[in-house]
Amino acid sequence: MASPAVCSVLFILAAFAAASARAATFTITNNCGYTVWPAGIPVGGGTQLDQGQTWTVNVPAGTSGRFWGRTGCSFNGGSGHCDSADCGGALSCTVSGQPPATLAEFSIGGAQDFYDIAVIDGYNVAMAFSCSFGVGLVCREPTCLDAYPNNPDGAARPNSCPGNSNYQLTFCP
């Protein structure tokens, strides 16, 4: 069993590590010539973004998830339907959107954050995704070979960014 002094030092280090982790701010902008309804999980939420509008979301440290854009949506209150990337007919999504859906994936917290654009669930909206200190990713077509790059060893890996970064997601860059 550790001494009280060792326990105190470990508690202080754990408290410092937890205090240094903070939420990341995601600024989501619609540059499309049509309305996009962005959504995300597990952060919940969904909103309507007309051309030129922005939605800001704070994502807690320790969160892994995704954002995507929905198109052709019609909502009455909190329920309705989207032509692409619909999430069970809800304005505020609690499940991933149905394919096709261009995905901005992220893992926030720790010394490094990770992010990528994936079209594994199909492609529906052009997207750019970047962190404050990292590589800007752009996906304008269904193949998007530069969005989730292959490394020399052949394994696909997301990009990394220093922890405590903020993110910009743009539809129709």
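- Side-chain atoms of Tyr167 do not come within 3.5 Å of backbone N or O of Tyr115 as any donor-acceptor pair.
- Between Phe67 and Phe129, the ring centre distance reaches or exceeds 6.0 Å.
- Considering only heavy atoms from C-beta on, Val125 comes within 4.5 Å of Thr71 through its side chain.
- Rounding to the nearest 0.5 angstrom, the gap separating the CZ atom in Phe114 from the CG atom in Asn159 is 10.0 Å.
- Taking CG from Leu137 and SG from Cys131, the interatomic distance works out to 9.0 Å, rounded to the nearest 0.5 Å.
- No side-chain donor-acceptor contact under 3.5 Å links Asp86 to the backbone of Ala90.
- Two different hydrophobic clusters hold Tyr123 and Ile117 under the rule that ILVMFWY side chains link at heavy-atom gaps under 4.5 Å.
- Residue Cys82 holds its SG atom at 11.5 Å from CD of Gln98, rounded to the nearest 0.5 Å.
- Partners of Gln112 under the side chain to side chain donor-acceptor pair (under 3.5 Å) rule, at least two apart in sequence or in another chain, are Ser160.
- Taking each heavy atom of Thr94 and Ile41 in turn, the nearest pair found is C-CG2, 3.8 Å.
- Note: Leu91 CG to Ser79 OG = 9.0 Å, rounded to the nearest 0.5 Å.
- Between the side chain of Asn124 and the backbone N or O of Gly69, at least one donor-acceptor pair lies under 3.5 Å.
- Here CZ of Phe75 is found 10.0 Å from OG1 of Thr47. Values are rounded to the nearest 0.5 Å.
- Taking every heavy atom of both residues into account, Ala85 and Ala101 meet most closely at CB-CB, 3.8 Å.
- Annotation for Phe133: atom CZ does not count as buried by contact number, only 12 or fewer foreign heavy atoms lying within 6.0 Å.
- Taking both residues in full, the closest heavy atoms of Asp50 and Gln53 are given as N-OE1, 2.7 Å, listed atom of the first, atom of the second, then distance.
- Thr29 and Gln168 share a donor-acceptor pair across their side chains, judged by distance under 3.5 Å alone.
- Taking the side chain as every heavy atom from C-beta outward, Pro38 and Phe171 approach each other to under 4.5 Å.
- Between Ser84 and Arg70, the side chains place no donor N or O within less than 3.5 Å of an acceptor N or O (distance only, hydrogens not considered).
- Under the 4.5 Å side-chain heavy-atom criterion for grouping Ile, Leu, Val, Met, Phe, Trp and Tyr, Trp37 is not connected to Phe26 through any hydrophobic cluster.
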**OP:** Kindly determine whether Thr35 and Gln48 satisfy side-chain contact (heavy atoms from CB on, under 4.5 Å), including the steps that lead there.
**Re:** CA-CA 7 Å; Thr35 301; Gln48 175 179 332; 3.5 Å; yes

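- Between the side chain of Asn166 and the main chain of Thr25, a donor-acceptor pair closer than 3.5 Å is present.
- Across Leu49 and Asn30, no two heavy atoms sit closer than the pair O-ND2, 2.8 Å.
- Expressed to the nearest 0.5 Å, how far OG of Ser107 lies from CZ of Arg66 amounts to 12.5 Å.
- Considering Val36, Leu103, Asp121, Thr102 as possible partners of Trp68, the one that fulfils the side chain to side chain contact (heavy atoms under 4.5 Å, CB included) test is Leu103.
- Scanning both residues, Pro162 and Asp113, for their nearest heavy atoms gives O-OD2, 3.8 Å.
- Closest non-hydrogen pair, Val119 versus Pro142, comes out as CG2-O, 3.4 Å.
- Ile120 and Leu169 sit in two unconnected hydrophobic clusters of ILVMFWY residues. Membership requires side-chain heavy atoms under 4.5 Å apart, directly or through other members.
- For Asn31 and Thr170, the side-chain atoms include no donor-acceptor pair closer than 3.5 Å.
- Both Val135 and Met127 belong to a common hydrophobic cluster when Ile, Leu, Val, Met, Phe, Trp and Tyr are linked at side-chain heavy-atom distances under 4.5 angstrom.
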